[in-house]
Amino acid sequence: MRVNRSMHRKLSAVATSAAALFFGLMLLATPGYGQSIAGRWTAIGKTMDNGEVPKTILDLKQTGNVLTGRLVGLGYGVDVKGTAKGNHFDLYVIDWNDKKPSVVGDLVNGELRWKQWNETYVAKPATPADEFPKLPYITPPALHNVPYNGLAKTPPMGWNSWNLFAGKIDDKTVRTMADAMVTSGMKDAGYIYVNIDDTWEGVRDAEGNLQSNHKFPDMKALADYVHSKGLKIGIYSGPGPRTCAGYPASYGHEVQDAKTFAAWGIDYLKYDWCSAGNIYKNDALQPVYQKMGDALEESGRPIVYSLCEYGMGEVQKWGPEVGGNLWRTTGDISDTWTSMIANIEKQVPTAPYAGPGHWNDPDMLEIGNGHMTANEYRTHMSLWALTASPLLAGNDIRTMTAVTKSILMNKEVIAVDQDPLGKQASPVKDGELETWIKPLADGSVAVGVVNHGATAAQATVKASDLNLDGAVKTARDLWAHKDVQFAGGAYTASVPSHGVLMLRVSAK
Ligand code: GLA
C-alpha cells in the first residue's frame, strides 16, 4: 500500500498516541508514580516493652512544594512544615526554635519512609481506623498553694537512667547501679537517689492501677533493695496520657498513681509534660502540676517532686506553689560542650528563684559519657555546682575511670553545690572569660572562671568583685585541691580552653 502524506501524518499521530498511552500505562504501573506525598499516612512501630504496638500518623497537605501538616505519635503531637522535592521531603516542627528539618524522607513504592529523631518510619496510606482515641478534657483545678514537703533542702543528688540507657533500663541494671553507688564512693560523696526514667511503665489493670512492664517485675522489691543500700529510689511519669516515650502516664489517674508510687516506696517523682501539651495550653501548666503536687501530699509519703516541662511558663515563679522541689529550666541536654553551655545559659534568668527546697534544674549530668574532654566535664560540674543545680549523674557509675570519679566526686566542688544558703551564681562575661560568683553560708564565696575560647587564657579573680566581708584570708583552688595566695587583691592563673578555674575564697 502506498502511503500518502496525509495518511503518513495520521499513522504517525496514531503511533505517537499509542506510544504515549503505552508509556502512560507503564508510568501508572510504576509504584509511587502519580501518588503524592500529601495525604494521611500511618507507620506501625516496634512493639513496646509493655506489649503495645505504637502508631505514628503523619497528615500532610501540599501547596506547590510547601508541605504543612501534623505528626502524631503516642505521647506527642506537633504541627510540621517543610518542602517536597519530587519524591523527597523534609519537615520541621513549627513550635520549636530549631527550624532544622527533624523529619526527612521519601515516597518509595507507594510507602512514605522517613527518619525522625534517629528512628526510621515506614508508613502506608492511613485507614479511617487509624485514629488516636479522643480523651475527655479534664478541667484543671483552681489554684491554691501546695504545702512544702520539707524535702530537698539542698539540691538533690543521685543518678538517673535516661542519659545513658534511655529505653534500655531494667531491674537488674538499676540494682547494679545501686550497688555501684555504694562501692564507687558516690553514696559517701552525697549521691543518694537512684532514679528510673521513662520506659518502666506497663499497662493499667482493670481497676486502673498502673503496673510496671516485664523489665521491672516487682517495683516494691526493687525499692526495698535500693533502700537496703541506704539509698533512695525515684520514678518517672507525666500529667498527660502518655510519657515522652509513649508509655502510659498519669492523666486522670494522679491520685491513684501517687498512691501506687507511695505503696512501692518511691522517694522521688520526675513528672514530664510531653503529651499533656496535646490536651492543655501552657496557661494550664501550673494547675496541672498542682494536681500531682496535691496527690503526692495526699499519698502521705515524702516524695521529692521534680517538674519537667523544659522551663515553659516561667516555672521558676510558681514551681514552689505546686509543691515542686526542682524544675527543669531547659530542653534535653546532650553530651556536647554546646548543649551543656546552652543549658546553663538558659539557667541564668532563673537565679533569683533558687533556694532551699526548690531548685532550678538545667538537666542531668553528662560527665563520664565520653563526648566531652576532661576539662569540659570539670566545667560542667563546676557550673552545676555554682548554680546550685541538682547533681544527677547520667553515666555508667559501675565502670567509671579515675578521671570521671575525680570530677563527679570532687567533695570540695560538691560542697559548693550543697551549700545550705542555696544561692545560684550569675555570670559576668568579659570576652571569652565568664565569671560566676556564688555566696556561701559561712560568708565565703565560690568563684568559677570559664574559658569559652579556643586557646588557654589568663584569668584574674579580683577580691573587690567578691563582696567579701574584709580582705582575703584564705583561697583554695577546688580542682587543684591546694591553697593559693591573693597578691595585691587578685589571683591570676592560666585556664585551658573550655576549662575552668574554681576557687573558694574567704575573709575569715
Ligand atoms: C523528656 C525528658 C528527658 C527524658 C525523656 C524520657 O525528653 O526531658 O529528660 O525524661 O523525656 O522519655
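Every number for a ligand or one of its atoms is a count from 1 in the order of the listing. Computed from a predicted model, the values in this text were never measured in an experiment.
Atom numbering of ligand 1 starts at 1 in the shown order; those under 4.0 Å from a heavy atom of A245 are 12 (O). Residue K270 has at least one heavy-atom neighbour below 4.0 Å for each of these atoms of ligand 1: 3 (C), 4 (C), 9 (O), 10 (O).
Under the 6.0 Å distance and 45° angle rule, R175 counts as a cation-pi partner of Y225.
Separation of the W200 and W264 ring centroids falls under the 6.0 Å cut-off.
Among residues two or more places apart in sequence or in another chain, the ring-ring contact (aromatic ring centres under 6.0 Å, His included) test is passed with W41 by none. Scored by the side-chain contact (heavy atoms from CB on, under 4.5 Å) test, V428 finds no partners at all (sequence neighbours excluded).
The residues K270 and D197 are annotated as salt-bridged, a charged nitrogen and a carboxylate oxygen being separated by less than 4.0 angstrom.
Ranking the protein heavy atoms by distance from atom 3 (C) of ligand 1 puts D332 OD2, 3.5 Å first. Scanning all protein heavy atoms for the shortest distance to atom 10 (O) of ligand 1 gives D197 OD1, 2.6 Å. At the shortest separation from atom 5 (C) of ligand 1 among protein heavy atoms lies W162 CE2, 3.6 Å. Scanning the protein heavy atoms around atom 12 (O) of ligand 1, the nearest turns out to be D198 OD2, 2.8 Å.
Between D272 and ligand 1 there is a heavy-atom distance shorter than 4.0 Å.
The N/O atoms of Y310, backbone and side chain alike, include none that comes under 3.5 Å of an N/O atom in ligand 1.
If you look at A166 next to ligand 1, there are no close heavy atoms at all, none under 4.0 Å.
A donor-acceptor pair shorter than 3.5 Å cannot be found between the side chains of D49 and N213. Between E366 and N395, the side chains place no donor N or O within less than 3.5 Å of an acceptor N or O (distance only, hydrogens not considered).
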